[in-house]
Structure formats: C-alpha cells, structure tokens
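Here the structure comes first, spelled out in structure tokens, and everything after it is commentary.
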Amino acid sequence: MSSKALIIIVLAIVLSVALLSLAYMLFTSEKQVVLRVLTTTSLYATGLLDRLAEEFSREHPNIVVQFIAVGSGEALRKAELGDADLVLVHAPSLERKYLEKGVIYCGKIFAYNYFVIVGPRNDPANIAGLDPIEAMKKIYEAGERGYAKFVSRGDNSGTHVRERMLWKKAGLNPKGKPWYIETGSGMSQTLMVANEYSAYTLSDIGTYLKFSSKLTELKVLVDKGDILVNMYSAYLVRESKNEKYAKMFIDFIVSDKGQEIIGCYGREEFGRPLFYPVKTASIEELKRMWNELAEE
Amino acid sequence: MEGLYQEVLAITLRTLWISGTATILAISWSIPLSLILISSKNRISIFIQDFFNALISLPTVVLGLALYLILSKSGPLGFLGLLYTPLAISIGQSILITPILVSMITSSFQKLRDEVWETAITLGASEFQASIALLREGTLLLIRAILAGFNRAVGELGVALIVGGNIKGFTRVLTTTIALELTKGNFELAIYLGIVLLTLSTIVTVAIRSLGLRGAYR
C-alpha cells in the first residue's frame, strides 16, 4: 500500500515536470523568428525601441524583436559570447575594439543626440557655456578645493567611456578623489544621485530630458562641442544565426520610416525630439566624428 | 490605464507561473534528497545538510552570473538555447530555493523522525514505507517549506534579470519590472508593482505562519 503510494507520488512529480517542460517547449518554439537585441539602456528607457519594434512587427509579423537593456560595454561583451543577433550601442572606441576582433560587423549610425554636462543650479565651478574640456578642468579644480562634486557612471557604458575620454583630453585623472563618486548604475539613477549631492555629471540629453522634472537641483551647463556628439550605432553580430532578419531590422531603422519615428519621438512630451535622425546631419560628418571618437 | 492594468496582470501571472514552475522543479528533487539525508545518519549526510544550510543565503546575482556563463551560447549548455527564456529563470530559481527546501524539510522532519520513523521501522516497515509515513505526518511542515521556497523565488531579482533579460511580454516578472520602471523614472508605477509583490508575499507568509501554528499544536 505504502510503496504504491510512493510510486504514485514519484510518478505524479515526474509527470508534472514532464508536462511543464513540454508546455514550455511548445510555448518557446513558436514558428516565429526571435531577434535578440542587446541595447544600451539610454535608448531603451526612453521607450523609443518599443515604438520602433511595434512598427517593424507590423510590417514583418513573423519576426519578434526582443530587447535586453544593458550598458554598451556589457552588450558588446555578451555579443562576443554569441548571446545576441544585434547590438545597439553608443561607444565608438569600444565599438572599434570589437569590430577589430570581428565580433560585430556591418555597422550603421542610426541616431544621434548630445551629451550634456549638467550640474547644480548655482554652478560652483563656473562652467556654464564653456568648452567641454575646459569645463572638466574647472570641475576638477573646484573638486580639489572642495566645493564641487562629480558623479560618474563607473559602469563602462557609452556615457562612462565618453566621460573618461573628456578627463583624458583634459589631462586629468579624478579616479579615487573624494569628490569623484562612482555609482555603477544606470543614467537615471546617476542623475538622481547627482541631484541629491548637488553634483556635476555627464548625461545624454535624452535621459536628462525624460527626468528633468525630478531633477530640481540640476540644469544643463555645457552642451556645445563636437566631443559631446552621441552617436547610436546598430551592428550585426557575427555569431548570429538570424543574420538575414537582423539585417532587415537595421535596414528598417535607417529607412525613411524608421528615421521619421526616431525624429518625432518625444517631441510631443518634451517639446523637442530626444534623438535626431541621421539624415538631419551629413552622414559623412557623423562618420568623421565617429572615427575621431573611436581613436581614443 | 486599461492597458497598464492588463500589463500588470499579465506580469503578475507570468511571475506566478515562472516561480511556480521553479518551486515544482525544486520539490521534485528536494523531497527525495531530504528523505535520503534524514534516513542516513553518517557524516556525509550531516556535511551535505550543513552545506545546504550555508547555501540558503547564496546571493542571487552570483547564481545568476554562474548560470549566465553556463547557459550562454559559448557556455557548456549554450546549445540548449535556454538563455533569455522563462525556463532559464525557472531553473535558476529552482536551484536558488533548493537549499531552503532541503534545510527546512530536514530540520523540521528530524523531530518527527524520532517518533514516526523509528516506530515505523520498529513495526517492520521498509525505509520506503517509513518515508511515506513521515511525509504523511509532516504534510503541513512540507507545505510550509514549499511556500517559503516559493516566496523566495517570487521575490528574487538577480537570477530573473541576468538569465531572463527582462524581455517585454516574455521574461519580464514583477521584480525586474520594478527595477526597470525605476530606471525609467516611473516611481509611481514601481511603487504600485511593489505593492502587488508585497501583497503576494504577505499572503504566502501568512499562510506559512498559520500552517506553522497548526503544525505546532498537533
């Protein structure tokens, strides 16, 4: 009697596990093609990508686009491990490294905007309107004297890479200074930290605009200069088995329709677009700047 | 608002489904393992029990990272294509809660063992039959362990984020949604989802408590 019960229990468990895994297999192995896109957080958090994917799926109902939001550094590293079909990133110097390794190929710049240096409203380091590199020097000086702080992403994201480049061009190294705070988290959290500490930080304009209502202590102080151009590029991943479909997605976002969505996104809510489509600038000019940035 | 409500509902159901699967998976090996550990009194079984006790506080991000490297395309199990699927989260969570299940079952059954197990063996029952008698007597304790495991699975973030990828409509669960909405600055929605999560785990905790009390009075 007891051993019968035992057999029934064991059978029931085995059956339920088997059924569940079967259900999962049916659930996951649909006939649709799944495109895995590793994307930088700043693009994803604005909601632009969901909007693009929605439009893309309308044209290609058999392709499901799945976004996984990580930093640019993480995205490229994971692409190297073969865990994505596409990457959307904004760190030219990192991109070049992975291009040379042969991990990614067939890159296209599909949108751009600007990085801005934001800081406390009273601007203790006096950087408003300065050239970005001069501004970094002033922040360093003020930091050393103890009346300014700087908050860094510290996560090898595109923004962090750009920030390090600015420090390097200014010939300074703030790492380890008491006024230099590394958050290791996303742009929005970093902005919130900067807001709490009344500190300076480098942000992409899109995330800053999206959050500006919550950032009562901060304002944009520096937003001019070629070195602040923020270019988003899409790449195919060498290891991907869905190359054909991945290419279709890239073609879509650089098409007139995709570019129009990018150019309009956020205009209603913020009074200005969060991203500029590449056709509003000359692509040669952008490529020249990309090459300059990738040199670093 | 209508769409938002539906999405929250879908995410909540997905969370229950994924963590429920994780719990069932964990039960399927935790119960036999616990019974084996209880029935043998040698050093190895004590060592294994200590080992599982230590693993209870295993950080979810560490487990998530380890699983990521295993399930990644270039990892040893990459050919299964499990990374960034709900099943990957379920597997991760089932591993995460196994130590809790095993520790809770073994520690609470050890008391019962002296009465039930020894009596059954003395009366001439086989080890299998004694195990069944033990399970029958300890049903409430068992359910309590299972609910505790489920609670831990529902509330964890690290594994779901790293091996699930927080893909909209596919692997997005309550905890990863809260993390994402925080990133987006939608604190209101994050709080709303937090309340849903808290309600879920409170219901489970209350259930554990009441079962525990009833078990103690038996």
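Sequence lines set the chain letters: A, B, ... in the order given, protein chains first and strands last, and positions in each chain run from 1. These numbers come from a predicted model, not from an experiment.
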request  = Check whether any side-chain heavy atom of Ile68(A) lies under 4.5 Å from a side-chain heavy atom of Asn166(B), and answer yes or no.
outcome  = no
query = Taking atom CZ of Phe270(A) as the centre, does the number of heavy atoms from other residues, nucleotides or ligands within less than 6.0 Å exceed 12?
reply = yes
inquiry  = Which atoms of Met192(A) are under 4.5 Å from chain B, going by heavy atoms: the side chain, the backbone, both sets, or neither?
reply    = side chain
Interchain contact, Tyr84(B) with chain A, by part (heavy-atom threshold 4.5 Å) = both
query = Are any non-hydrogen side-chain atoms of Leu180(B) and Tyr44(A) less than 4.5 angstrom apart?
reply = yes
inquiry  = Measuring from atom CD of Gln66(A) to atom CZ of Arg172(B), what distance do you get when rounded to the nearest 0.5 angstrom?
reply    = 11.0 Å
query = Quick check: are there more than 12 heavy atoms from other residues, nucleotides or ligands sitting under 6.0 Å from CD of Glu243(A)?
reply = no
request  = Determine the minimum heavy-atom distance between Thr85(B) and Arg36(A), stating which atoms define it.
outcome  = CG2-NH2, 4.2 Å
note = Note: Leu182(B) and Gln189(A) closest approach over all heavy atoms is CD2-NE2, 4.4 Å
Which portion of Phe211(A) sits near chain B, non-hydrogen atoms under 4.5 angstrom = side chain
key: Lys214(A), NZ: over 12 other non-hydrogen atoms inside 6.0 angstrom   = yes
message = Tell me whether the count of non-hydrogen atoms from other residues, nucleotides or ligands lying under 6.0 Å of NZ in Lys101(A) goes above 12.
response = yes
key: Atom pair OH (Tyr68(B)) and NZ (Lys78(A)), whose distance is rounded to the nearest 0.5 Å   = 4.5 Å
task = Spell out, as yes or no, whether a donor-acceptor pair under 3.5 Å connects the side chain of Asp83(A) to the backbone of Lys73(B).
result = yes
message = Which atoms of Leu38(A) are under 4.5 Å from chain B, going by heavy atoms: the side chain, the backbone, both sets, or neither?
response = side chain
